[in-house]
Peer 1: 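Next up is a structure, given as structure tokens.
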Amino acid sequence: MTAKAPLVDSFGRVHTDLRISVTDRCNIRCFYCMPNENVQFKPRDELLTFEEIERFVRVVAPCGITKLRLTGGEPLVRRDLDGLIARLVNIPGIDDIALTTNGILLAEQAAALRAAGLQRLNVSLDALDADLFRQIARRDGLEQVLAGIEAAQRVGFDKIKLNAVAIRGLTESQIVPLGRFARERGLELRFIEFMPLDAEKHWADEQVLSGETIVRILAAEFGPLDPIAAPHPGQPASDYRFVDGGGTVGFINSVTEPFCETCNRLRLTAEGQVRNCLFSVEEWDARAVLRSGGTDDELESLVRKSIAAKRAGHGIHTDQFQRPERAMFQIGG
Ligand code: SAM
Ligand code: SF4
């Protein structure tokens with residue numbers, strides 16, 4: 001592989017991390033992400049094929065993209081996802097592939113994902129109480145998620161991260177049970193602040209349950225937590241260690257402590273639009289290049305245009321903040 005100039009934006013941020021959404025479909029309907037009913041999904045022929053995704057990655061890898069994360073919608077509803085992973089692991093320059101899933105289909109797919117070369121897994125689980133799970137996801141599924149985590153550990157996924165969106169006035173009761181669940185199973189628990197990306201546009205600042213509050217709740221139950229220095233810049237989570245040796249817990253405080261200054265992420269939506277930020281209001285059409293016989297150079301130049309246009313930060317708390325048209329499931333979280 002001949003290395004090319006890195007993907008550096010006008011603020012000097014070097015992009016090494018690509019998040020690829022493989023579908024906008026999902027088997028549940030979390031209120032902070034999707035509408036409950038009548039979701040308008042993209043027609044299947046508008047989604048990038050595995051060949052197109054592979055080509056995109058082959059073009060950006062020489063520009064310094066080393067890490068991939070597959071997401072969605074729910075990535076495990078995309079048929080034969082292990083086939084995509086098998087294609088991506090062989091791309092020179094890609095040294096880390098991870099997947100974010102709601103875990104519902106994980107029990108049946110964990111072995112195939114592992115065999116295809118998937119290295120890391122994040123499973124999203126906000127509540128261990130079945131009624132609260134249903135209230136958030138607006139569908140059943142807790143038992144399947146728990147079975148999925150167990151199966152993933154059984155087939156050899158270690159260091160599984162458990163992602164919990166924390167919502168003030170709703171999920172406080174789950175913090176200690178999730179903490180205990182993660183500590184007992186050796187999972188890395190991470191709390192994510194609720195961001196204004198819900199399709200129903202109900203987000204309000206008051207619903208953000210800050211990392212600071214959660215640390216206090218955890219410390220009251222499990223004893224003190226010590227902050228851990230970030231191992232590398234661009235890592236969005238602030239990590240803490242339970243002083244009693246019970247593992248670590250992370251906080252993605254995107255709203256109260258934005259990490260935009262060190263952001264190294266680029267996104268590709270399921271239908272092939274390049275986004276330079278979750279909160280981007282602009283997209284660059286890679287699918288058009290891919291499907292009109294465009295060259296690799298044209299694709300690279302499109303990516304560089306998107307990087308060049310990246311703003312300093314999302315500015316959620318500024319007067320200029322504009323919510324993106326699209327919700328989380330359409331962007332890829
Ligand atoms: N369906 C998969 C899942 O839920 O893990 C992958 C896609 S989902 C959009 C990726 C992550 O984004 C999940 O951990 C989910 O909880 C989180 N998420 C979705 N909407 C969010 C929001 N409005 N604020 C914060 N996190 C959100
Ligand atoms: Fe589906 Fe994930 Fe969105 Fe929940 S957060 S509705 S699981 S895509």
Side-chain angles (χ1 to χ4, degrees), residues 19-37 39 41-42 68-78 81 98-106 109 113 120-127 132-142 144-145 148-149 152 160-168 170-171 174 178 187-205 207-211 214 236-237 250-259 265 267-270 275 277-279 314 316 323-324 326-333:
R19 308 211 144 204
I20 303 170
S21 172
V22 295
T23 181
D24 56 353
R25 286 162 203 262
C26 188
N27 39 11
I28 55 176
R29 295 286 183 274
C30 306
F31 76 86
Y32 47 67
C33 179
M34 287 184 102
N36 192 16
E37 305 290 348
V39 190
F41 293 115
K42 293 282 174 195
L68 304 178
R69 174 170 297 280
L70 303 181
T71 180
E74 171 47 40
L76 299 188
V77 303
R78 176 96 187 231
L81 189 74
L99 171 83
T100 302
T101 172
N102 63 25
I104 290 186
L105 297 174
L106 190 54
Q109 295 188 32
L113 294 168
R120 294 191 300 115
L121 259 183
N122 286 15
V123 181
S124 304
L125 179 60
D126 312 319
L132 189 55
F133 181 98
R134 198 176 307 110
Q135 195 182 336
I136 295 170
R138 301 184 291 194
R139 302 291 185 273
D140 285 320
L142 178 62
Q144 286 104 304
V145 181
I149 295 171
I160 298 175
K161 288 194 171 120
L162 203 60
N163 285 354
V165 178
I167 297 141
R168 177 138 37 126
L170 189 67
T171 65
Q174 301 305 297
L178 282 170
L187 305 165
E188 264 182 63
L189 179 59
R190 302 200 312 173
F191 290 97
I192 307 174
E193 288 181 348
F194 179 19
M195 294 181 276
L197 290 168
D198 54 316
E200 292 166 343
K201 302 200 162 109
H202 290 153
W203 180 90
D205 218 1
Q207 290 171 297
V208 177
L209 181 60
S210 73
I214 298 172
F251 298 89
I252 307 197
N253 301 333
S254 335
V255 177
T256 61
E257 294 170 53
F259 43 89
R265 294 177 179 180
R267 292 168 190 275
L268 183 64
T269 69
R275 296 176 67 93
C277 177
L278 261 182
F279 294 94
H314 59 52
I316 287 177
R323 266 188 77 126
R326 309 228 260 158
M328 190 64 120
F329 74 104
Q330 298 163 313
I331 299 171

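Whatever order the structure lists ligands and atoms in, that order sets their numbers, starting from 1.
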Peer 1: Is there a side-chain contact between Phe41 and Thr23 (heavy atoms, below 4.5 Å)?
Peer 2: no
Peer 1: What residue and heavy atom of the protein are closest to atom 3 (Fe) of ligand 2, and at what distance?
Peer 2: Cys33 SG, 2.4 Å
Peer 1: If you measure from the Lys or Arg side-chain nitrogens to the Asp or Glu carboxylate oxygens, is any gap between Arg168 and Asp205 under 4.0 Å?
Peer 2: no
Peer 1: Check each atom of ligand 2 against the heavy atoms of Ile28 and keep those under 4.0 Å away; list them by number with element.
Peer 2: 6 (S), 7 (S)
Peer 1: Strictly under 4.0 Å, does any heavy atom of Gly73 approach an atom of ligand 2?
Peer 2: yes
Peer 1: Are any of the heavy atoms in Gly72 under 4.0 Å away from ligand 1?
Peer 2: yes
Peer 1: Any idea how Trp203 and Phe194 line up, ring-wise: parallel (<30°), tilted (30 to 60°), or perpendicular (>60°)?
Peer 2: perpendicular
Peer 1: For atom 7 (S) of ligand 2, which of Asn102, Asn27, Val39 has the closest heavy atom?
Peer 2: Asn102
Peer 1: Look at Cys26 and state whether any of its N, O or S atoms is less than 2.8 Å from atom 1 (Fe) of ligand 2.
Peer 2: yes
Peer 1: Find out whether Leu106 and Leu113 are in side-chain contact, i.e. whether some heavy atom of one side chain is under 4.5 Å from a heavy atom of the other.
Peer 2: yes
Peer 1: What protein heavy atom is closest to atom 25 (C) of ligand 1, reported as residue, atom name and distance in Å?
Peer 2: Glu193 O, 3.3 Å
Peer 1: Numbering the atoms of ligand 2 from 1, which are under 4.0 Å from a heavy atom of Met34?
Peer 2: 6 (S)
Peer 1: My understanding is that we take every heavy atom of each candidate and find the minimum distance to atom 16 (O) of ligand 1. Doing that for Thr101, Ile28, Val165, which one comes out nearest?
Peer 2: Val165
Peer 1: Output yes when the distance from some N or O of ligand 1 to some N or O of Asp126 is under 3.5 Å, and no in every other case.
Peer 2: no
Peer 1: Short list, please: which atoms of ligand 1 are under 4.0 Å from a heavy atom of Asn163?
Peer 2: 14 (O)
Peer 1: Contact between ligand 1 and Phe329 is defined here as a heavy atom of the residue under 4.0 Å from a ligand atom; is it met?
Peer 2: no
Peer 1: At less than 4.0 angstrom from any non-hydrogen atom of Thr71, what atoms of ligand 1 do you find?
Peer 2: 6 (C), 7 (C)
Peer 1: Side chains of Ser210 and Asn253, heavy atoms from C-beta outward: is any pair under 4.5 Å?
Peer 2: no
Peer 1: Decide whether an N or O pair under 3.5 Å exists between Met328 and ligand 1.
Peer 2: no
Peer 1: For atom 2 (C) of ligand 1, grab the closest protein heavy atom and report residue, atom and distance to one decimal in Å.
Peer 2: Glu74 OE1, 3.3 Å
Peer 1: Can you see whether Arg275 engages Thr269 through a side-chain donor-acceptor pair at a distance of less than 3.5 angstrom?
Peer 2: no
Peer 1: Under 4.0 angstrom from ligand 1, any heavy atom of Gly73?
Peer 2: yes
Peer 1: Confirm or rule out an N/O/S atom of Cys30, from backbone or side chain, lying less than 2.8 Å from atom 4 (Fe) of ligand 2.
Peer 2: yes
Peer 1: Using side-chain heavy atoms (C-beta onward) and a distance below 4.5 Å, is Phe329 in contact with Pro35?
Peer 2: yes
Peer 1: Considering only heavy atoms, which of Ala166, Ser124, Ala199 lies nearest to atom 14 (O) of ligand 1?
Peer 2: Ser124
Peer 1: Determine the minimum heavy-atom distance between Thr100 and Pro75, stating which atoms define it.
Peer 2: O-CG, 3.0 Å
Peer 1: With distance as the sole criterion, is a donor-acceptor pair present between the side chains of Glu74 and Thr101 under 3.5 Å?
Peer 2: yes
Peer 1: Can you confirm, on distance only, whether ligand 1 has an N/O atom lying under 3.5 Å from any N/O atom belonging to Tyr32?
Peer 2: yes
Peer 1: For residues Val77 and Leu105, determine if any side-chain heavy atom of one lies less than 4.5 Å from a side-chain heavy atom of the other.
Peer 2: yes
Peer 1: May I ask you to test the Leu162-Leu189 pair for a side-chain heavy-atom distance under 4.5 Å?
Peer 2: yes
Peer 1: Can you check whether Ile331 reaches Arg19 side chain to side chain, under 4.5 Å on heavy atoms?
Peer 2: no
Peer 1: Report the member of Met195, Met34, Lys161, Arg190 with the shortest heavy-atom distance to atom 24 (N) of ligand 1.
Peer 2: Met195
Peer 1: About how many Å separate CD of Gln109 and CG of Leu99, when rounded to the nearest 0.5 Å?
Peer 2: 9.0 Å
Peer 1: Would you say Thr100 and ligand 1 have an N/O pair spaced under 3.5 Å apart?
Peer 2: no
